[in-house]
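See below for the structure under consideration.
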Amino acid sequence: MELTKYQLLYIQTVYDDFRENLQWPTFRQVQRKILPTHRDFRVIEVAKSIEDNQAAHFYHNLDSPTTITLKEIHHLPEAEQDLADLLKVIRYSVEKYITEDKERVRVTSEEVSQKWHFDETVIRKIFQLLGLTTGIIGSSSNSLDNKIWSFEVSDSAIDFQDLKSIDDYFERLDERKKTYQAGRSSQNADSIISQDIDISATIEKIAQADPSDIKAIGVSALELSAGYYNEPLTQS
């Protein structure tokens with residue numbers, strides 16, 4: 001993903017604020033920091049322009065928390081250790097899900113802290129970075145300051161076994177996305193074929209109907225009309 005000057009400035013400012021305050025800033029806070037030196041900077045428009053950033057898909061105002069992705073954060077050298085710590089927790093969660101004989105597998109901040117001797121700052125950052133992952137966590141709970149938290153490991157975590165790097169995680173996500181899109185395309189194609197068959201059958205019924213049987217012709221015409229108007233709904 002190639003970034004423009006303003007896109008990188010947005011990501012850098014958001015993450016610098018996050019590392020300092022251990023929470024995501026609002027769009028307004030980021031714009032206030034950048035606007036004095038870049039007067040044409042429009043924070044939400046910049047966020048929307050970044051590939052896969054959620055700002056492009058949901059309504060946000062300046063007082064909304066900023067949107068950012070792990071792929072964006074990966075561009076920042078100072079995020080390397082944070083992402084390495086996150087990867088440890090992801091690997092641990094996947095392994096625990098596979099090996100623990102429980103219907104619901106949970107991971108807690110306490111066990112993570114004990115395992116790697118993470119300090120409070122790291123624990124608070126990890127939980128918020130986990131919130132940017134896909135396919136790893138299910139339901140979660142946390143204290144207001146994110147010092148104490150726990151989450152249920154998602155069933156889809158098994159798709160992320162044996163990760164060697166954060167780049168491996170991104171590659172698995174891309175694979176899942178392609179599989180999902182291929183499945184949607186196949187479903188749409190099958191739906192269109194089915195609709196074509198139904199419409200052809202209805203036309204054939206009209207053609208073979210007794211011209212004097214107005215009721216039969218009317219019912220078939222209604223079926224044809226319903227099929228026509230339902231088609232875009234099915235494909236959307």
Side-chain angles (χ1 to χ4, degrees), residues 10-33 43 47 52-55 58 60-158 160-161 163 165-170 173:
Y10 168 80
I11 295 167
Q12 185 77 64
T13 306
V14 170
Y15 205 69
D16 284 348
D17 193 285
F18 168 70
R19 296 182 75 206
E20 179 181 351
N21 298 304
L22 301 179
Q23 62 183 5
W24 300 115
T26 65
F27 284 109
R28 187 182 301 279
Q29 289 169 326
V30 172
Q31 181 152 289
R32 280 177 174 168
K33 289 184 177 181
V43 64
D52 293 332
N53 191 294
Q54 291 299 309
F58 300 96
H60 296 279
N61 60 42
L62 288 176
D63 294 315
S64 303
T66 49
T67 53
I68 195 168
T69 68
L70 291 176
K71 278 189 176 181
E72 293 166 30
I73 293 169
H74 192 33
H75 284 275
L76 307 176
E78 61 268 38
E80 183 177 352
Q81 186 58 54
D82 294 337
L83 293 178
D85 293 337
L86 174 65
L87 184 63
K88 290 177 183 177
V89 177
I90 291 175
R91 287 171 175 162
Y92 174 76
S93 303
V94 173
E95 188 64 20
K96 187 173 183 180
Y97 179 90
I98 293 172
T99 58
E100 195 166 281
D101 187 16
K102 288 184 179 179
E103 186 173 343
R104 296 284 185 266
V105 176
R106 296 194 72 83
V107 173
T108 70
S109 54
E110 182 180 8
E111 64 187 285
V112 166
S113 179
Q114 290 178 351
K115 183 172 179 61
W116 288 290
H117 306 290
F118 289 154
D119 63 24
E120 181 183 294
T121 297
V122 174
I123 287 295
R124 293 174 67 183
K125 284 193 290 188
I126 283 177
F127 183 70
Q128 295 184 81
L129 291 174
L130 280 166
L132 303 181
T133 64
T134 299
I136 303 300
I137 72 173
S139 61
S140 64
S141 61
N142 59 288
S143 60
L144 289 175
D145 56 10
N146 296 314
K147 293 179 182 178
I148 301 172
W149 47 258
S150 69
F151 66 87
E152 183 179 312
V153 184
S154 171
D155 293 335
S156 58
I158 57 174
F160 300 94
Q161 299 177 51
L163 296 178
S165 68
I166 198 70
D167 288 307
D168 284 347
Y169 171 73
F170 296 144
L173 282 181

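Quick caveat: nothing in here was measured; it's all calculated off a predicted structure.
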query: Is the CG atom of Leu83 crowded by more than 12 outside heavy atoms at less than 6.0 Å?
result: yes
- request: Write down the atom of Arg91, the atom of Leu163, and the distance for their closest heavy-atom approach.
  value: NE-O, 2.7 Å
task: Would you name the heavy atoms of Ser93 and Val153 that are closest together and state the gap between them?
output: O-CG1, 3.8 Å
Results of salt bridge (Lys or Arg N to Asp or Glu O under 4.0 Å) for Arg32 - residues two or more places apart only: none
query: Please, which pairs that meet salt bridge (charged side-chain N to carboxylate O under 4.0 Å, His left out) have at least one residue in residues 62-75, sequence neighbours excluded?
result: Arg28-Asp63, Lys71-Asp174
- prompt: So, Asn21 side chain and Gln23 main chain: donor-acceptor pair closer than 3.5 Å or not?
  reply: no
message: Just to verify, what does Thr13 make a side-chain hydrogen bond (donor to acceptor under 3.5 Å, both in side chains) with, not counting sequence neighbours?
response: none
- request: Quick one: list whatever passes ring pair (Phe, Tyr, Trp, His ring centres under 6.0 Å) with Phe160, sequence neighbours left out.
  value: Tyr169
- prompt: Roughly how far, to the nearest 0.5 Å, is the CD1 atom of Ile68 from the CG atom of Leu70?
  reply: 9.0 Å
- request: Would you please name every residue forming a side-chain contact (heavy atoms from CB on, under 4.5 Å) with Thr99, sequence neighbours left out?
  value: Glu95
message: Can you list everything that forms a side-chain contact (heavy atoms from CB on, under 4.5 Å) with Asp155? Sequence neighbours excluded, please.
response: Tyr97
statement: Residues at least two apart in sequence or cross-chain that pass salt bridge (Lys or Arg N to Asp or Glu O under 4.0 Å) with Glu80, listed by chain then number, are none
message: When you compare the side chain of Asp168 with that of Ser165, does any pair of heavy atoms fall below 4.5 Å?
response: yes
Salt bridge (Lys or Arg N to Asp or Glu O under 4.0 Å) partners of Asp101, counting only residues at least two apart: none
field: Shortest non-hydrogen separation from Asn61 to Phe27 and the atoms involved
entry: O-CD1, 3.5 Å
- line: The reported gap from OG in Ser139 to CZ in Arg104 (rounded to nearest 0.5 angstrom) is 8.0 Å
- request: Please tell me if the side chains of Asp17 and Val30 come closer than 4.5 Å, counting only heavy atoms from C-beta onward.
  value: no
task: State which residues pass side-chain hydrogen bond (donor to acceptor under 3.5 Å, both in side chains) with Asp52; sequence neighbours excluded, sorted by chain then number.
output: none
query: Is the CD atom of Glu110 crowded by more than 12 outside heavy atoms at less than 6.0 Å?
result: no
field: Heavy-atom pair with the smallest gap, counting every atom of His74 and Phe170
entry: CD2-CE1, 3.6 Å
query: About how many Å separate CD of Gln29 and CG of Leu62, when rounded to the nearest 0.5 Å?
result: 11.0 Å
- request: Spell out, as yes or no, whether a donor-acceptor pair under 3.5 Å connects the side chain of Thr69 to the backbone of Asn53.
  value: no
Under 3.5 Å, sequence neighbours excluded: what are the donor-acceptor pairs made by side chains of residues 122-138?
from   : atom 1 : to     : atom 2 : distance (Å)
Arg124 : NE     : Asp145 : O      : 2.8
Lys125 : NZ     : Asp82  : OD1    : 2.9
Gln128 : NE2    : Leu22  : O      : 2.6
Thr133 : OG1    : Leu130 : O      : 2.6

- request: Could you check if a side-chain atom of Glu20 sits within less than 4.5 angstrom of a side-chain atom of Pro25, using non-hydrogen atoms only?
  value: no
- prompt: With sequence neighbours excluded, what pairs up with Asp16 under the salt bridge (Lys or Arg N to Asp or Glu O under 4.0 Å) test?
  reply: none
query: Parallel, tilted or perpendicular: which describes the rings of His60 and Phe58, with under 30° parallel and over 60° perpendicular?
result: perpendicular
Any donor-acceptor N/O pair, Ser143 side chain to Ile148 backbone, under 3.5 Å: yes
field: Any residue meeting ring pair (Phe, Tyr, Trp, His ring centres under 6.0 Å) with His75, in chain and number order, not counting sequence neighbours
entry: none
- request: Without swapping roles, check the side chain of Gln31 against the backbone of Val43 for a donor-acceptor pair under 3.5 Å.
  value: yes
field: OH-OG1 distance between Tyr10 and Thr66, expressed to the nearest 0.5 angstrom
entry: 4.5 Å
- prompt: Do you know which two heavy atoms are closest between Lys96 and Arg106, and how far apart they sit?
  reply: NZ-O, 2.7 Å
